[in-house]
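Contents: one structure, followed by commentary.
Values reported hereafter were calculated over all heavy atoms of this structure, with side chains retained and with hydrogens, waters and symmetry mates removed.
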Amino acid sequence: MDDDMNGLHGMDDMDGMDGMDGMDGEEPLDGEDFDLDLLEEELRRAAAVLDPVPAELRQLAVEAFALHDLEARLAELTFDSVVDAIPVRGAVDTPRMLTFHAGGVTVDVELTAHGLMGQVLPPQHARVEVLTGPHPGAPLTTDDMGRFTHDRPPAGPFALRLRTGEGVLVTDWLTV
């Protein structure tokens, strides 16, 4: 009856738990050797499978994120070489040229397989971020002529956020 009270039916002194302290022969986890990034990734995967984010909540999060730049002016796409340019016969790997306008500011951008470069007109100092998702990219700065470069082409949809002395501009989102 004593074993029934403990719920151990035939287990004397926790015989089945001997391997737990060493985790099947492995050394116990140290704070120094433990990779927290790996643990976080594994937990994210488990949560995505066991408790996925509902589609409605994900959409609300995306819409809320869009409001964090509420004071930003939208720079309208006024030229896209994919749509507006006359194709050149035999040309391969031609750069994609984009022009955005907002108020008195123009942003010219050239996309290549090696990255992007652009210029803010009239020339001015600005911080430029290449947005490819919810996390901002590394900030770029313009030179005295308003030029900036980014050594990696954006993967997937992207937009640019510019912080100038006149305020914040955000371009339309485009697919590469």
Side-chain angles (χ1 to χ4, degrees), residues 35-38 40-49 51-176:
D35 187 358
L36 291 177
D37 292 333
L38 182 61
E40 180 181 358
E41 181 61 29
E42 290 296 321
L43 290 173
R44 285 183 191 277
R45 288 183 195 166
V49 171
D51 189 21
V53 177
E56 300 84 22
L57 182 58
R58 184 181 304 268
Q59 183 62 33
L60 285 172
V62 169
E63 291 170 0
F65 177 75
L67 294 176
H68 88 281
D69 269 342
L70 199 55
E71 79 282 359
R73 292 182 295 164
L74 182 63
E76 179 184 359
L77 178 66
T78 57
F79 177 81
D80 184 348
S81 62
V82 170
V83 177
D84 301 320
I86 298 172
V88 177
R89 185 177 175 155
V92 293
D93 295 331
T94 57
R96 183 175 181 185
M97 308 298 290
L98 304 165
T99 301
F100 300 93
H101 288 286
V105 177
T106 300
V107 182
D108 289 322
V109 178
E110 180 178 317
L111 288 169
T112 68
H114 305 290
L116 66 83
M117 60 183 145
Q119 185 172 17
V120 179
L121 298 169
Q124 57 189 288
H125 289 282
R127 259 188 41 220
V128 180
E129 294 172 87
V130 180
L131 306 174
T132 57
H135 304 289
L140 311 169
T141 55
T142 60
D143 63 11
D144 291 337
M145 298 297 295
R147 298 174 296 199
F148 60 93
T149 59
H150 187 57
D151 61 352
R152 283 171 281 145
F158 77 98
L160 300 176
R161 179 186 300 132
L162 292 89
R163 297 182 191 280
T164 68
E166 300 173 15
V168 179
L169 300 174
V170 178
T171 67
D172 288 330
W173 283 83
L174 297 169
T175 303
V176 179

TODO: Calculate, to the nearest 0.5 Å, the distance between atoms CG and CG belonging to Leu169 and Leu160 respectively.
DONE: 10.5 Å

Task: Gap separating the CZ atom of Phe79 from the CG atom of Asp108, nearest 0.5 angstrom - done: 9.5 Å

Task: Heavy-atom pair of closest approach, residues Thr112 and Pro153 - done: O-CB, 3.6 Å

TODO: With sequence neighbours excluded, tell me which residues meet salt bridge (Lys or Arg N to Asp or Glu O under 4.0 Å) with Arg44.
DONE: Glu40

Open item on the list: Checking side chain to side chain contact (heavy atoms under 4.5 Å, CB included) between Phe158 and each of Leu131, Leu174, Thr171, which is the one that passes?
Closed with: Leu174

Task: Inter-residue atom distance Thr78.OG1 - Leu98.CG, 0.5 Å rounding - done: 9.5 Å

TODO: Would you give the length of the straight line joining atom NE2 of His125 to atom CE of Met145, rounded to the nearest 0.5 angstrom?
DONE: 11.0 Å

Open item on the list: Between Phe100 and Leu162, is the side chain to side chain contact (heavy atoms under 4.5 Å, CB included) condition met? List the steps.
Closed with: CA-CA 12 Å; Phe100 300 93; Leu162 292 89; over 6 Å; no

Open item on the list: Counting C-beta onward and ignoring hydrogens, is there a side-chain heavy-atom pair between Leu140 and Thr149 closer than 4.5 Å?
Closed with: no

Open item on the list: Can you give me the closest heavy-atom contact between Gly146 and Pro123, atom names plus distance?
Closed with: N-CB, 4.1 Å

Open item on the list: Suppose we screen for side chain to side chain donor-acceptor pair (under 3.5 Å). Which residues come up paired with Glu110, at least two apart in sequence or across chains?
Closed with: none

Task: Shortest non-hydrogen separation from Pro95 to Ser81 and the atoms involved - done: O-OG, 3.9 Å

Open item on the list: With heavy-atom distances below 4.5 Å as the criterion, would you say the side chains of Leu116 and Phe148 are in contact?
Closed with: yes

Open item on the list: Minimum heavy-atom separation for Pro139 and Glu129, please, with both atom names.
Closed with: CA-CG, 4.3 Å

- [ ] For residues Pro154 and Leu111, determine if any side-chain heavy atom of one lies less than 4.5 Å from a side-chain heavy atom of the other.
- [x] yes

Open item on the list: Within the 4.5 Å heavy-atom criterion, are Thr99 and Leu77 side-chain neighbours or not?
Closed with: no

- [ ] Applying side chain to side chain donor-acceptor pair (under 3.5 Å), name anything that partners Asp172, two or more places apart in sequence or on another chain.
- [x] none

Open item on the list: With a 4.5 Å cut-off on side-chain heavy atoms, are Arg161 and Val168 touching?
Closed with: yes

- [ ] Compare every heavy atom of Pro122 with every heavy atom of Gly104, then report the nearest pair and how far apart it is.
- [x] O-CD, 3.4 Å

- [ ] Could you list all the salt bridge (charged side-chain N to carboxylate O under 4.0 Å, His left out) pairs where at least one residue sits in residues 144-160, not counting sequence neighbours?
- [x] Asp143-Arg147

TODO: Please name all residues satisfying salt bridge (Lys or Arg N to Asp or Glu O under 4.0 Å) with Asp80, sequence neighbours left out, ordered by chain then number.
DONE: Arg96

Task: Counterpart residues, side chain to side chain donor-acceptor pair (under 3.5 Å), relative to Thr142 (two or more places apart) - done: none

